[in-house]
Amino acid sequence: MNRKQKRQLKALRQQALLDAARAAHRELSAEEQAEFDSLQREIDQLNVEIEEEERQQASGQGNPAPTAAPEGTSGQTGDPEQVRQQERTRISDITSLCREFGMDDQLQGFINGGNSVESVREAVIAHMRQNGAPLNGRVTVETDEQDKFREAATDALLMRGGVSLASPAAGANELRGLSLKDLAVECLTADGESGVSRRDADELYSMLQRQFFTPTAAFPAIMDNAINKAFVEGHRTAPVTFDKWTRRGTLNDFKIHDNNYIAGTAGEFLEVPENGELKHDVWTDAKKPTRQLKTYGRQFTMSRQAFINDDIGVITRLPARYAAAARKTQNKQCCEILVNNPTIYDGVALFDKNHNNLLAKGTGITKEAVQGMILALANHKDEFGEVCIIRPSIILVPSGYQFEMYSLFYSPTINTSDNTQAVNPLYQYRESISVVEDPTINALCGGFGKQMPWWMFGAMEDTDGIEVDYLNGRDTPYIRRAEVPGTLGFVWDIYLDWAISVMDYRGIIKNPGVVVKNPIELV
């Protein structure tokens with residue numbers, strides 16, 4: 001493989017990175033940017049080497065025999081430096097022509113054959129007549145310019161709406177002062193509409209609504225991009241806790257998945273005497289609960305009034321709220337399972353004396369309660385009578401418990417009944433057990449002044465617990481433009497598919513808790 005082929009492969013890889021990021025409506029990740037920059041450094045080095053190689057070819061180095069002047073030149077030797085410059089210009093012009101019109105396969109032949117730029121132009125014309133005018137070169141340039149404008153306008157809308165961007169697109173700062181009406185004028189003019197600058201906001205809205213479902217229209221695409229960026233940010237920063245104490249899973253369709261089995265515990269290893277035989281192990285399977293995806297979603301609209309009033313928040317803040325709402329809905333559904341204690345796959349309530357995962361009496365945050373819950377987790381037995389050995393990992397508490405939890409875990413010593421200092425045995429768990437506080441539990445229990453339970457969860461690698469499944473593993477909601485007849489506005493659908501299932505009761509211990517009060521009375 002020569003240098004030019006290597007350069008072409010590296011450039012193709014760069015384009016693939018950009019295409020993937022553009023298709024996902026995002027910037028390059030840190031890893032992708034590092035790879036892109038590394039490829040660019042290699043391409044720059046190859047360019048230097050190729051230019052030196054071509055310079056040597058042009059000056060006749062390594063070839064003592066005199067060569068004929070390239071076709072179309074005067075044939076005069078003249079100044080050697082001038083001859084080299086003319087050859088470089090010829091090679092550069094021929095290269096540009098061949099790449100612009102899709103004739104890369106003939107490029108090297110033109111250069112090595114000494115063809116003049118004029119003869120290459122004639123070959124290009126003949127190629128166009130035979131194959132039709134190529135679209136790849138010029139359309140790519142045009143599309144790139146459109147993409148740059150759309151990216152800049154997208155980031156300008158987000159910045160104007162108060163969204164902080166680490167690296168705004170080039171030109172975004174220059175466009176951030178544009179209102180929705182001004183941006184519409186820019187887009188409609190670029191799309192070939194005339195006289196749009198003299199139209200009022202209502203007329204512009206009508207023109208944009210007709211364009212809303214045109215794939216190449218700029219204004220709807222810019223709104224889509226801005227909404228998607230704001231949406232992703234809202235999804236990322238949503239204040240939820242469920243993904244810390246549930247297992248994430250995936251399903252590939254909406255059928256009821258009822259054939260989920262787990263293999264029985266592997267039997268103990270037995271001593272094999274010299275020349276003895278290995279004994280075959282036999283186990284049984286136990287059926288796990290069914291799982292089935294459901295679809296959840298909402299719609300929102302940028303109304304005609306919002307466009308005329310230049311309400312930028314509909315594009316920048318509202319999508320982020322809906323993204324957070326999707327996460328909060330999942331969080332609430334997971335907390336409802338803990339608080340409502342439903343009957344699970346074996347016909348028994350999730351927290352029940354038959355499951356050995358419910359304290360007989362609720363307590364506050366005490367050393368004895370935490371120790372008892374740790375022991376209950378560790379001594380659970382599986383369906384086959386073997387000890388599970390589940391390690392404690394997370395304690396989930398309602399708002400109002402976390403302060404006492406930190407005192408319990410982060411104090412090296414404790415006061416004894418004799419008013420002396422003793423070692424705090426829970427201090428060793430401060431790094432291995434995380435305390436998670438969620439006010440969703442307070443709301444589900446009726447607020448302060450009500451009895452509020454709390455839970456201990458085992459490590460994910462030791463138990464299944466509660467699982468949240470997504471269609472093909474996608475946990476970010478879909479967002480798309482929707483056509484709603486009779487609606488004065490641009491409408492978007494937001495939806496996501498998930499299922500929440502209790503997979504195993506053994507990984508969770510419930511403390512019924514005590515009444516939680518706010519230490520400071522509110523008006």
Side-chain angles (χ1 to χ4, degrees), residues 240-251 257 260-269 281 283-291 330-331 334-335 337-339 341-342 344-346 348-359 365 367-397 405 408-409 425-438 441 453-470 473 475 499-511:
V240 296
T241 67
F242 75 96
D243 47 6
K244 297 179 181 179
W245 44 271
T246 61
R247 179 185 296 275
R248 174 175 169 156
T250 182
L251 294 171
H257 290 255
N260 298 284
Y261 293 82
I262 57 173
T265 303
E268 294 181 356
F269 272 41
D281 191 22
W283 65 88
T284 58
D285 289 335
K287 192 172 183 179
K288 297 293 281 185
T290 61
R291 298 177 295 161
Q330 297 167 60
N331 192 75
C334 290
C335 289
I337 291 176
L338 299 178
V339 173
N341 195 24
I344 60 172
Y345 57 90
D346 61 355
V348 180
L350 171 58
F351 302 107
D352 188 270
K353 63 180 181 180
N354 293 326
H355 287 163
N356 295 318
N357 63 354
L358 176 65
L359 270 62
I365 307 303
K367 172 173 67 73
E368 293 76 15
V370 173
Q371 289 174 333
M373 296 167 81
I374 291 175
L375 290 173
L377 271 180
N379 287 277
H380 261 305
K381 293 184 178 181
D382 62 21
E383 295 94 330
F384 314 99
E386 298 292 335
V387 176
C388 296
I389 314 179
I390 302 173
R391 295 164 295 178
S393 177
I394 291 174
I395 294 179
L396 176 65
V397 297
M405 276 291 182
L408 188 64
F409 279 95
L426 294 179
Y427 184 67
Q428 64 176 319
Y429 289 99
R430 68 190 184 282
E431 301 296 337
S432 59
I433 298 180
S434 301
V435 178
V436 178
E437 184 180 68
D438 196 326
I441 299 168
W454 49 289
W455 300 265
M456 178 178 289
F457 293 81
M460 293 292 179
E461 55 268 29
D462 299 338
T463 180
D464 291 329
I466 298 174
E467 182 169 311
V468 182
D469 292 300
Y470 299 96
D475 65 348
I500 302 175
S501 310
V502 177
M503 303 300 292
D504 197 347
Y505 59 83
R506 295 172 183 81
I508 316 171
I509 305 295
K510 178 180 178 179
N511 187 321

message: Going by the rule side chain to side chain donor-acceptor pair (under 3.5 Å), which residues pair with Asp475 if we only count those two or more places apart in sequence or in a different chain?
response: Arg248
message: By the definition side chain to side chain contact (heavy atoms under 4.5 Å, CB included), identify the one residue from Val502, Ile466, Ile441 that meets it with Leu338.
response: Ile466
- prompt: Stepwise, does the side-chain contact (heavy atoms from CB on, under 4.5 Å) test hold for Met405 with Trp454?
  reply: CA-CA 11 Å; Met405 276 291 182; Trp454 49 289; 3.3 Å; yes
task: Could you tell me which residues satisfy salt bridge (Lys or Arg N to Asp or Glu O under 4.0 Å) with Glu467, sequence neighbours excluded, listed by chain and number?
output: Arg291
field: Residues forming a side chain to side chain donor-acceptor pair (under 3.5 Å) with Asn511, sequence neighbours excluded
entry: Thr363
query: For Gln428, what residues pass the side chain to side chain contact (heavy atoms under 4.5 Å, CB included) criterion, not counting sequence neighbours?
result: none
- request: Over all heavy atoms of both residues, which pair between Met373 and Leu359 is shortest? Give the atoms and the distance, please.
  value: CG-CD1, 3.8 Å
- prompt: Are any non-hydrogen side-chain atoms of Met456 and Ile374 less than 4.5 angstrom apart?
  reply: yes
- line: By side chain to side chain contact (heavy atoms under 4.5 Å, CB included), Glu461 pairs with (sequence neighbours left out) Arg391, Ala459
message: According to ring pair (Phe, Tyr, Trp, His ring centres under 6.0 Å), who are the partners of Tyr505, at least two apart in sequence or on a separate chain?
response: His355
message: Nearest 0.5 angstrom please: Leu426 CG to Ile433 CD1, how far?
response: 7.5 Å
query: Who pairs with Asn354 by side chain to side chain donor-acceptor pair (under 3.5 Å), at least two apart in sequence or on another chain?
result: Asp352
Residues that Ile394 engages under side chain to side chain contact (heavy atoms under 4.5 Å, CB included), provided they are two or more places apart: Lys244, Trp245, Ser434, Val436, Phe457
field: Partners meeting side chain to side chain donor-acceptor pair (under 3.5 Å) with Asn356 (sequence neighbours left out)
entry: none
OH-CG distance between Tyr427 and Leu408, expressed to the nearest 0.5 angstrom: 13.0 Å
message: Please evaluate residues Val468 and Phe242 with respect to the criterion side-chain contact (heavy atoms from CB on, under 4.5 Å), reporting the C-alpha separation (whole Å), side-chain torsions for both, the decisive distance (0.1 Å), and the verdict.
response: CA-CA 9 Å; Val468 182; Phe242 75 96; 4.2 Å; yes
statement: ring pair (Phe, Tyr, Trp, His ring centres under 6.0 Å) filter on His380, not counting sequence neighbours, yields none
- request: Give, for atom SG of Cys388 and atom CG of Asp504, the distance between the pair rounded to the nearest 0.5 Å.
  value: 7.0 Å
query: What's the verdict on side-chain contact (heavy atoms from CB on, under 4.5 Å) for Ile395 and Trp455, showing C-alpha distance, side-chain angles and the deciding distance?
result: CA-CA 6 Å; Ile395 294 179; Trp455 300 265; over 6 Å; no
message: Test side-chain hydrogen bond (donor to acceptor under 3.5 Å, both in side chains) on Tyr470 and Gln330; report intermediate values, then the result.
response: CA-CA 11 Å; Tyr470 299 96; Gln330 297 167 60; 2.5 Å; yes
message: Any side-chain to backbone donor/acceptor pair from Asn341 onto Ala349? Under 3.5 Å, distance only.
response: no
message: Under the criterion side-chain contact (heavy atoms from CB on, under 4.5 Å), I'd like the reasoning laid out for Val370 against Phe409: C-alpha separation, chi angles, the key distance, then a yes or no.
response: CA-CA 10 Å; Val370 173; Phe409 279 95; 3.9 Å; yes
task: Give, for atom CG of Leu350 and atom CD1 of Ile508, the distance between the pair rounded to the nearest 0.5 Å.
output: 5.5 Å
- request: Please round to the nearest 0.5 Å and tell me the distance separating atom OG1 of Thr463 and atom CG of Leu377.
  value: 8.5 Å
task: Taking all non-hydrogen atoms of both residues into account, name the closest pair between Gly458 and Ile390 and its distance.
output: CA-CG2, 3.5 Å
message: For a 4.5 angstrom cut-off between non-hydrogen side-chain atoms, does Lys367 reach Pro425?
response: yes
query: Considering residues at least two apart in sequence or located in another chain, which fulfil the side chain to side chain contact (heavy atoms under 4.5 Å, CB included) criterion with Lys381?
result: Val387
statement: Of all heavy-atom pairs linking Ala376 and Ile509, the shortest is CB-CD1, 3.8 Å
task: Report the distance from atom CG of Asn331 to atom OG1 of Thr241, rounding to the nearest 0.5 Å.
output: 4.5 Å
